[in-house]
Every structure is written in structure tokens, then in C-alpha cells.
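See structure below.
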Amino acid sequence: MGSMRSYDHQAIEKKWRQVWEDQKIDEVDLAKVANGFYCLDMFPYPSGEGLHVGHWRGYILSDYFARYYRLQGKTVLHPMGFDSFGLPAENAAIKKKAHPKKFTDEAIPVFIDQLKATGAMYDWSKTISTADPSYYRWTQWLFLQFFKHGLAEKRHSWVNWCPKDKTVLANEQVINGCCERCGSKVTKKKLAQWYLKITDFATELLDGLETLDWPENVKSLQKNWIGRSEGANVVFHSDQISLKVFTTRVDTLFGVTALVLAPEHPDLTTVTTAEYKNSVLSYVEKSKEKSELDRQRGADLAKTGVFTGSYALHPLTSKQIPIWVADYVLPDYGSGVVMLVPAHDQRDYDFARSHSLPVVPVIEPEFIETSELGKVREKLPFTERNGIVAIVKHWTEDKYLGLKWKNVPWGTWITGGIETGQSAEAAARTEILEEVGYKNLRLVKKVGTLISKFYHPPKQQNRLLHGQVLYFELENDERIPISKLEAAIHEPIWLSPDEILPFLTASAHRWAWQELQDQPALYEGHGTLINSGMYDGLTTVEAAKKIAADLERRGSGGPIVNYRLRDWLVSRQRYWGAPIPIVYDPDGTAHAVRDEHLPILLPTDAEFMPGGESPIKLSKEFQQRAEKLYGKGWHFETDTLDTFVDSSWYYLRFLTPNNNDQAFDPALVAKWLPVDLYIGGIEHAILHLLYSRFVYRFLIKYGYLNNDNPEPFQQLFNIGMITLHGAKMSKSKGNIVSPNELVEHYGTDALRGYELFLGPMENSLDWNPRGINGVHRFLIRVFQLSQEIDDKPDPSQEALFDGYLDRIDAMMKDFRLNTIISEAMILVNSLSKEPVSKEVFSRFIVTLSPAFPFLAEELWSILGNKESIFKSKWPKFFGATPTTKKIKILLDQRFIGEIDRSGEMSEEEIIKLVQTSPELSQKIDGKTILRSIYKPGELLNLITRGSHNR
RNA sequence: GCCUGGGUGGUGGAAUGGUAUACACGAUCGGCUUAAAACCGAUUGUCGCAAGGCAUGCGGGUUCGACUCCCGCCCCAGGCACCA
């Protein structure tokens, strides 16, 4: 035995860190490359807090793939920069009374050191910082391009206002009515704000999602956020104005019993009559005081509102429709007006009931059976029948007669068909007599009609039943005996009102009961139109189409698609951001700042104490600068840009971080975009990604870029969050797990490997350092393996390696790095028994290098290689002839052993082998093989039991 | 309420429809050691001495065979939500 060296991770990591830095191994020349791979991390905000083990996981994942693709022969761009504008630095500055630039400048080098500690391969020659004038000059330029094309607009509008942070918040920064950052209750304020018109891109942003290789949940989040809904506009004319209303249920148009405006609606004062002015005004005042939180929680609260005194003309019936105001109507969705259809919308129903407005049903409900037994069979036609549903009340008590079915889990009312020529009442009386035997009853009410679609198992028919719901009260308990036949099907049960809804299994029957109670009951589903003039008898779907088309013909509306997405509010009344590059003339008209004046630098003499307006407003220098450049009476916009604007295009800047002539180089962008792999947390699933997609599409649409693919990030991977005892790690909570101690004790490689090994990369999980020793032990074993190398080739080791390589290649595509590490452990476990072939080991450590770059590089050099392992190539298969494959033998699905397969074998040959094999034959001894299932080359299942009934 | 994901040992988690619980942690026992740590070895789903049962949230179904596919529920996490 020679002298064994031991695995000294500290020495190894220190050594190679230095070598790589000296050799600038991570720098790439973008222009030269044809075969590029753009691997991007969501760039961080450079806080002074430092990286914790949760941050590491994302950076290690991207580093893994950066190195992997590099070994695959690609030129990998893997840059890193800093999203350095924003509230945290400004808040720190306020607290510590120092300039935010100072904080940022100090934090970045510290941050870079911590990123380097992960061992990740970044090209630091291409770093950027969004707070740097050389960057934000181009952010301002970008804003001006939107302005030039009419896609940046200043509007007076009600905005979310955080009273504590004293700033405007975008809708998406309001969480449950509270400020995303500080948690204060958000209030409303009317301000002039800059918007970017992202809504113009709503359709394509939605459609574009289909083409992306993104996690389904992120696509679904974006879809929900964009919130496409198809419907129609309907125009109602009043004496004073016309009101446009958006609805998704234009089929219910004949059920409109009022129009309801949002309190913020601009035409509210116009429609309010003198008589109602006071009550409307005081109502509006009251709802303004309601916090955003209360307003949003309002779904559970009573729906308040008042009448405005005026009426509008129904476009189809010409009826006078009263106009109300209520704060359950949102000002910025649709047109801020709702047509009230109480019979077919829960909210409208609530509102109508609490203000005694009429409820006019215009849909005959249609119920489609969903149970397995009664589910409509797709291929069969419908047979139409008339029928009845009878609700029968007890002669003295408040109880109702239900049928409990014996062979199926059903609870229903009494039902039956109507024979031709028979009246509904007569049919019902017959059914009641037959099914429960009661003789003396009184028809109290015809409750309503419905349609029911179901499958009738005995008749094997799809049925379309026109049902009439009848309500009877028994006069006394006189009854005849029920036939045995009927008694076998179901038994009658008396139900108290509380028991009825849980008892009934069919939605049609539940509706019948509610209709009897409420007269009319709410029905939000589909069906056939009634009370709708010429549209009666159409299905809701047909009617919606026809009514929308008719409205369009008459010029009072028509089909339209509406989006939940709102325009992007980019103004912030804050210091630490890029100044919006707009200058106002003495009349207050907005002009683009001239290109040669960019960047509009942040003034340095501002007091950045938040006071409800941008602190920049107080800068004397800033005022003077505008006048100097543009003339007396001119002044700059003093709001700054939302930091999401900074980050909406940074991935373009990485290609040419130091170019002072243009924001980006279209030729390079054409070569490198879209980003091949984008890695970051789920927290940016909506805003950052949506804004970036919007900006990128804008740049292409208006000719700034000429890429064919209009999406910037082709593949996205969301790294799961690491929590500590279930809580998100943050310095303020004091629950940060720092990697430093673990790195010192086990090494960077061990921590990297452990973070990958923990579980699927997309899973969030709770931090538990316990297992890191397992990875450390594995690395020690790998190191020890290098001490016992055999120069001779070893075919069985080569075969083991080939299997391993095949499996990890497949896992790579699905980001299953945890099982890749497992596979490596399994391979090492089986190689450890004897000296390992040099060639096998050599190829093996290349596969380890993306996860364990330091150890891999060390072992690579121990093997005698002069160049870095990262200049080598991902290994190939040995292609050794596979060892004889085994065929699994199962007996009644239980594993009893394997047989070696040589060449192609038939089922019979294998069975013969089983029967002649010493161990296997005794296991099937005395059993009769009824039949067998053979999956060629894999398994043979011998069956002794009869299969269950088919 | 709507939309996504999930539910497998004591724990993190494996499993193209084919021996469920790989890999690792922890635990127990043993070795080494004056001792401890480290390291090495064995055992480790559950009931059972064993043979053999029973186990992948619950109930059905398809299949020779289901963690995996289908239907119906329950529970957990995340998102959206008075969006007309």
C-alpha cells in the first residue's frame, strides 16, 4: 500500500479557485460563437444580508447546467448582475441617514465575494448594476421608446397608496389590501401617474404562453393574471348619457333589473338626479373611506348601494332600468358598470334581495347528471320525455317526502313521466300513488320547470326530460300498500327542511327545493331561455351569440374580449430609482427628454425622506438643470421608474454591458436570445416575467430587435424555496442559515452536492443540515477511489458506467439532480470493491464536475491532465457489449428469480429454462401454470390463479 | 368558489404499467479506541418464530400486473377572487 492522501477540501478549493481566476476560465467571447447557451439567474438585489443556503440552491442549479452545457461543447454565457435600485436601499438610507448609493456601492463587492464562494462559474467581466448611470441611461431610453409610440401615458387615476411607505403601489403590490412590503392597510388616492400600456399586448402575452417550455403552474399564474374573459358590451342609453356595460352572460340580458355603477364611475354625478344627490354623495364618501381590505373582503359582507334617481333604456325591451351605485362594482374592470341580473348571478342576487329589486328568471335550468350510473353516454342520441318532480308535504308536520334508492346511492323527490294527453298534475298523482301510496293530496303550487339530461340505465337511453316541479300537501295519511316491485326500488323517507339538501343527490332536485323556498331561486348555470321575447327556446350558448350579434347590428354593443390585466403603473414617488425622462414645458405639457441629455442623473442634493411626493422635487439642482437645458419654466418629471422596468430588459444588457452607444446590440441579441435556461424563484412568476415578456415583445414589434421568437425566456425553471422551521429565511426574522460553517467543515463541494441531493429542485423544503455528512462521505470515497487506480480496462466496470451515464443523461433533461447524485453514489458503492479502471474513473469524474467542480478538477489533475477538466468533453459510452441481460420471472406477480438471456428467446424457451432451473423449478413445483405473460427481454409472469371475471 | 401542484418508512426522498420503499439521514447492535469523535460492518415499512399476510390519503374501475392510467371523494400547500 502506498501512502494514502486524504481529502483536504480546504486546500483543494483554495488552490483551484486561484487557478481558475488567474486563467479567466469563465470569460466568454460572445461575438465569436455560433453554438451558444444562455444560462441566466434572476439577478439579485444586492442586500448586505448575505447569501443563505436557500440562495445557494438556485445559483448551484444554474451553475450545474452552465458547466454541463460547457462540457457538451457549447459556449455558455452565464452572467450575473445586480438589481440595485429600489426600496430596501432607500429605507436603509433613511434609517441610517446615509445615501442609498453608499449602501449599494458597499454591498455589491461583498455580494460578489459571497457569490464566488458558491464556486459558481460567472463571467464577471459582464456584470451590470441597474443603479449605475451607464445602465439606467438605457432604462430611460427604453421608457422614451414607449413614449414615442404612444404606449407610455400619464393618467389621473385612483391609485393604491401606502400611508406608511408614502408611495403608490401597483395592484400587484397590494396583497389582501395591505402593502406588500410593510403590511399597512392600503388606501386610495387620486394622482397623475405614468402607465405603460401592457394591456395592448394582452392577447399575445396570453397566446405566447403556449409556446414556452415553462412549468405549468407559472403559465397558469400568468393566464389567471391576464384573465381573459369573452363576453359582450351592451349599451344602455339614459337621458343624459349612454352607459357601456361588459357582461359575460349577455344571454341573461332580459333579466336585467338595474344598472349598477362603481362609486368611482366618472359619469356618476351626471346621472344622479338632484333629489338623490345627497344620498349618492354621502354613499360615495363612505365607500372611499373603506380601506381596500374591507372592499375586497366585501364578498362576504352585505352589499350596500343607493339609487341615483335616473333610468336607462334597455336596448332590446326599451324598458326603463333604474341606475344604482354600489361599491361591490369595481371601477377598473370592464367599464365600471354592471348590469344587474339577480336571477342568475350570486352577487346581483344578494344585492337585489337586500334592496328589494325584482328578480326575473330568464333561464329554464338544465341539469346534466354527473354520477357514473346516470352520466350521459356520449354516442347515444337524446330521447325527449315530459315528466314531473313532486314535492310532497306531510299532513301535519313540516316534513317532506324523499325517496331513498336501494340499488344506487341516490336520494330524490318523487319523479315520473307524463303520458301523452295526461296533465302534469294527473301524472304526479299517479306516481305518488304508485310509489308511496298516498291518496289524498292537494296541489298547492306549480313551482317551475327544468330540463334534465341523464342516462336511463334500464331503457339504455339518453334522456332529455322536460320536468315540471309540482308542490303538494297531504290532507291525511290515508294510503294504499305499495307494490313489491316499487318497494324493491326505493323507500320513502320523511325529511325535515334541514335534512333535505344533504339528502338530495341530484342538482336538479336541490334546485327544485330552493325554487320552492325562494321563488325564484338563484340559478347560475346554463339552460334554455324563457321570458326573453324572440330568444325564448334558444340555449344560453346560442342566445349569447345571437343577442351579441343583434346588439352589434343595432349599434348598441357587441361581442368583446375583456382582460383582467391592467396597464402597468410605473411611477414611484421615490428617490432611489431611474428618473422618468420627461420634461414639462411651462404649460405643463409632457415632452420626451432629448437623447443627448440622457441619462437624467439623480440629483445628489435631495433629501430622501419620504413625504408623499418624490424627494427629488425638493432638489434645487434638479430644477435648475431643467431650466438650463430647456428654458425658463420647464421642469423635469420628479417621479422615478418602478424597478420592474430596470429588470425588464437586463438580460439584453448582459451581452454588451459597457456599450455607451446603444442599449443592446441587435445582432448579438439575435444570436443569443432567447435565454436558453432561466432560473429563479416562483416569486417572480407573474410580474417580472410578464413585464419582461411585454418589453421584449414591444422591442420586436417596433423593430428594435429582429428575433423571430418573440419570447425572451424559452425555458424557465423555478427553484423551490428553502425554509427554516417552516418560515422564509430573512435577516429581520433572524432565521438565516449561513453556508459559511458548513463550507468550512465539509467544503463547498459537499454543500453544493447536498443542496442538489436534498430533493427535486422545484420542491420547497425545510432546511435540515443533518444529511450533509452523507455527501461528504461520498466525496471521501470518491477521493479514495483515486488512490487505487488500475490502468487496465475493465469491461464489467465499463458496463456499469455505461448504464449510469445512460440514466443520468435522461435525468438531466428533467432537472432531476437529486437522483443524478444518487446514481453517482450507487456507482461508487459498486466500484469501491476493487481498484477502478483509470478510463472509467476518468470519465466518471467528468460527470461529477458540474456538481463538484473543485474535487473533480483536483482528481483530473491527479490523473495527469494538464488542462482544466472544464475544457474537456462530457464522456461517451464505452459501448462495451452488454453483459447478458436478465429476464425477471414472476409467479402470480411475485418475483421468484431471474434467468440469463442469451440472444433472442421465445416464451416457450424461457418457460423451459424455468422448469429446468434448479432453484426456480422448485418454486413452481406442484403448481399448475394456467398461462403466462411474456414481455420480450424483460419479464415472464406465470399465472396459476384464474383471472377474476371479465 | 375557481385555477395549479401535492399526499409513499422515524426523516429528505426513489420507482419508462413489471421485485414498492433506490440513495441518503437518523436509530439500534457490533468492531476500532483507555475513552469520545471520526471511521468500518450489520439490521432497520408493518404484523409474524416462520411460512406468509398487510401497506403508496380514502372508495371504486381498467389490467396477468397499478404509487403510476380512468372515475368519485378527503386532506395539505400555493395562486386568484365582489373581475360582472
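Chain letters run A, B, ... following the sequence lines, proteins first, then strands; residues in each count from 1. A quick note: this is a predicted structure, and the numbers were derived from the prediction, not measured.
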For [X], all residues meeting salt bridge (charged side-chain N to carboxylate O under 4.0 Å, His left out), sequence neighbours excluded:
{"X": "A/Arg57", "result": "none"}
{"X": "A/Arg249", "result": "A/Asp251"}
{"X": "A/Asp345", "result": "A/Arg347"}
{"X": "A/Arg807", "result": "A/Glu823"}

How would you list, by chain and number, every residue that makes a side-chain contact (heavy atoms from CB on, under 4.5 Å) with [X], sequence neighbours excluded?
{"X": "A/His355", "result": "A/Trp324, A/Phe351, A/Leu357"}
{"X": "A/Ala521", "result": "A/Trp511, A/Gln514, A/Glu515, A/Asp518"}
{"X": "A/Ser556", "result": "A/Val235, A/Pro315, A/Leu551, A/Arg554"}
{"X": "A/Pro266", "result": "none"}

Between B/C39 and B/U33 - C1' atom distance, rounded Å
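Looking at atom C1' only, B/U33 and B/C39 are 11 Å apart.
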Given the C1' atoms of B/A20 and B/G79, what is the spacing between them in whole Å?
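Approximately 33 Å lies between the C1' atom of B/A20 and that of B/G79.
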Any chance you could list the contact pattern along nucleotides 10-18 of chain B? Use B for base contacts, S for sugar-phosphate-only contacts and - for none, protein heavy atoms under 4.0 Å, 5' to 3'.
B-BSSSB-B
Check whether any side-chain N or O of A/Asn718 sits under 4.0 Å from OP1 or OP2 of B/G5, and answer yes or no.
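No.
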Quick check on B/A81: is either OP1 or OP2 less than 4.0 Å from any side-chain nitrogen or oxygen of A/Arg564?
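A/Arg564 to B/A81 OP1/OP2: side-chain N or O found under 4.0 Å.
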For A/Ser932, which contact category applies under a 4.0 Å heavy-atom criterion: base, sugar-phosphate, or nothing?
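Counting heavy atoms under 4.0 Å across all strands, no contact is made by A/Ser932.
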With heavy atoms under 4.0 Å as the rule, sort A/Asp348 into base, sugar-phosphate or nothing.
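It contacts nothing in the nucleic acid.
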At less than 3.5 Å, do the side-chain atoms of A/Lys223 and the base atoms of B/C3 form a donor-acceptor pair?
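Donor-acceptor pair under 3.5 Å: no.
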I'd like to check the side-chain hydrogen bond (donor to acceptor under 3.5 Å, both in side chains) partners of A/Thr723; sequence neighbours left out, ordered by chain and number.
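Here the qualifying residues are A/Asp766.
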Using the 3.5 Å cut-off, write out each protein N or O paired with an N or O of nucleotides 39-47 of chain B and the distance between them.
residue: B/C39; atom: OP1; partner: A/Arg777; partner atom: NH1; Å: 3.2
residue: B/C39; atom: OP2; partner: A/Arg777; partner atom: NH1; Å: 3.1

Whole angstroms only, please: what is the OH-C1' distance between A/Tyr7 and B/A38?
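Roughly 16 Å, once rounded to whole Å.
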Length of the CZ-P vector between A/Arg249 and B/C82, whole Å:
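One finds 20 Å between P of B/C82 and CZ of A/Arg249, rounded.
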How close do A/Leu779 and A/Leu855 get, heavy atom to heavy atom, and via which atoms?
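What the structure gives for the nearest pair is CD2-CD2, 3.7 Å.
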Listing time: all N or O pairs from protein to nucleotides 73-79 of chain B that are below 3.5 Å?
none

